[in-house]
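Working notes, beginning with the structure itself.
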Amino acid sequence: QVQLVEAGGGSVQAGGSLRLSCYVSGYTRNIGWFRQAPEKEREAVADIYFDLGTTLYAASMGGRITISKDKTTNTVYLQMNNLKPEDTAMYYCAAAPARRATTLRTADFMYWGQGTQVTVSS
């Protein structure tokens with residue numbers, strides 16, 4: 001069983017930055033970040049293979065994000081820069097315990113956090 005707790009969301013103006021955090025309890029190989037805007041499907045943002053630190057990014061946010069981990073605190077971070085109004089969404093972290101490589105496939109993720117809201121105003 002893996003439990004995840006997100007934090008760090010909030011309201012910012014366009015061009016601003018936020019750092020989301022995901023505290024992980026339990027063992028998992030992958031932690032991914034996803035987002036879901038109102039009336040849109042959930043989409044992958046980034047993934048990190050926890051032990052090796054290898055990362056994978058979706059094209060949707062370009063080079064504006066960085067996923068990282070702190071193994072000492074079992075926390076995964078998502079640094080988001082130059083935020084745009086279209087980045088407004090609920091952001092979720094999720095765990096893919098069985099996956100032995102980075103992945104952005106939603107179906108690979110078995111455990112999900114409750115989400116943290118990010119709102120970007122123009």
Side-chain angles (χ1 to χ4, degrees):
Q1 185 76 13
V2 180
Q3 294 183 321
L4 308 108
V5 179
E6 302 99 332
S11 297
V12 296
Q13 291 192 326
S17 299
L18 282 173
R19 188 176 77 157
L20 307 183
S21 63
C22 174
Y23 172 73
V24 183
S25 63
Y27 177 75
T28 182
R29 292 186 174 91
N30 278 281
I31 292 291
W33 281 99
F34 294 77
R35 66 181 183 178
Q36 187 167 19
E39 301 182 358
K40 292 189 176 181
E41 291 188 0
R42 188 171 296 187
E43 63 172 349
V45 173
D47 178 64
I48 188 164
Y49 191 73
F50 207 74
D51 287 343
L52 299 179
T54 50
T55 58
L56 183 63
Y57 295 94
S60 57
M61 295 190 74
R64 299 183 291 120
I65 57 171
T66 303
I67 189 169
S68 63
K69 64 177 176 69
D70 183 342
K71 291 187 74 174
T72 62
T73 60
N74 267 12
T75 302
V76 173
Y77 299 97
L78 185 70
Q79 177 69 42
M80 304 188 295
N81 300 319
N82 191 22
L83 285 163
K84 304 176 180 181
E86 52 264 41
D87 295 321
T88 294
M90 185 72 80
Y91 284 71
Y92 300 88
C93 64
R99 182 71 181 180
R100 294 182 179 270
T102 52
T103 177
L104 294 177
R105 289 190 346 129
T106 304
D108 288 334
F109 292 84
M110 298 173 56
Y111 302 97
W112 293 81
Q114 81 288 354
T116 185
Q117 178 68 38
V118 171
T119 302
V120 185
S121 58
S122 58

**Request:** Measure from the side-chain N and O atoms of Glu6 to the backbone N and O of Gly115, and report whether any donor-acceptor pair falls under 3.5 Å.
**Result:** yes

**Item:** Distance in Å, Lys69 NZ paired with Asp51 CG, rounded so as to fall on 0.5 Å steps
**Value:** 7.5 Å

**Asked** At what distance, to the nearest 0.5 angstrom, does OH of Tyr111 lie from CG of Leu4?
**Response** 10.0 Å

**Pairwise disulfide (SG to SG under 2.5 Å) hits with a residue in residues 14-122, at least two apart** = Cys22-Cys93

**Asked** Got a donor-acceptor contact below 3.5 angstrom from the Arg42 side chain to the Arg35 backbone?
**Response** no

**Cluster check Tyr92, Leu83: I/L/V/M/F/W/Y, side chain < 4.5 angstrom** = no

**Request:** Search all heavy atoms of Val118 against all heavy atoms of Met80 and return the closest pair with its distance.
**Result:** CG2-CE, 3.9 Å

**Message:** Can you confirm whether more than 12 heavy atoms, excluding those of Gln36, are under 6.0 Å from its CD atom?
**Reply:** yes

**Request:** Could you tell me which non-hydrogen atom of Ser17 sits nearest to which non-hydrogen atom of Val12, and how far apart they are?
**Result:** O-CG1, 4.0 Å

**Fill in**
Scanning both residues in full, the closest heavy-atom pair of Pro85 with Ser121 reads CG-C, 4.4 Å

**Message:** Do Phe50 and Leu104 sit in one hydrophobic cluster, given that two such residues count as connected whenever their side-chain heavy atoms are within less than 4.5 Å of each other, even indirectly?
**Reply:** no

**Request:** Take Asp87 and Arg64 through the salt bridge (Lys or Arg N to Asp or Glu O under 4.0 Å) test and state the conclusion after the steps.
**Result:** CA-CA 11 Å; Asp87 295 321; Arg64 299 183 291 120; 2.7 Å; yes

**Prompt:** To the nearest 0.5 Å, what is the distance between OG1 (Thr106) and CD (Glu41)?
**Reply:** 9.0 Å

**Within-4.5 Å side-chain heavy-atom neighbours: Val2 and Phe109** = no

**Asked** Which heavy atom in Ile65 sits nearest to a heavy atom in Ala46, and how many Å separate them?
**Response** CD1-CB, 4.2 Å

**Prompt:** Do any N or O atoms from the side chain of Asn74 and from the backbone of Val24 form a donor-acceptor pair under 3.5 angstrom?
**Reply:** yes

**pair Trp33-Leu20: side-chain heavy atoms closer than 4.5 Å** = yes

**Prompt:** Are Leu56 and Tyr91 co-members of a hydrophobic cluster defined by side-chain heavy atoms under 4.5 Å apart?
**Reply:** no

**Any side-chain heavy-atom pair of Ile67 and Val76 under 4.5 Å** = yes

**Prompt:** Looking at Ser60 and Ala44, what are the two nearest heavy atoms and their distance?
**Reply:** OG-O, 4.1 Å

**Message:** Between Thr88 (side chain only) and Val120 (backbone N and O only), is there a donor and an acceptor less than 3.5 Å apart?
**Reply:** yes

**Prompt:** Are Val45 and Met110 linked, directly or through other ILVMFWY residues, by side chains that come within less than 4.5 angstrom of each other?
**Reply:** yes

**Message:** I'd like to know if the side chain of Thr75 reaches the main chain of Thr73, judged simply by a donor and an acceptor atom lying under 3.5 Å from each other, with no hydrogens or angles considered.
**Reply:** yes

**Side chains of Asp108 and Asp47 in contact at under 4.5 Å (non-hydrogen atoms)** = no

**Asked** Given side chains that start at C-beta, do those of Ser68 and Gln79 come closer than 4.5 Å, heavy atoms only?
**Response** no

**Complete:** Here the gap from Ile31 atom CD1 to Leu78 atom CG, rounded to the nearest 0.5 Å, amounts to 12.5 Å

**Request:** Decide if atom CD of Gln13 counts as having more than 12 heavy atoms of other residues, nucleotides or ligands within a radius under 6.0 Å.
**Result:** no

**Within-4.5 Å side-chain heavy-atom neighbours: Arg29 and Tyr49** = yes

**Separation between OG1 of Thr28 and CD of Gln1, rounded to the nearest 0.5 Å** = 11.5 Å

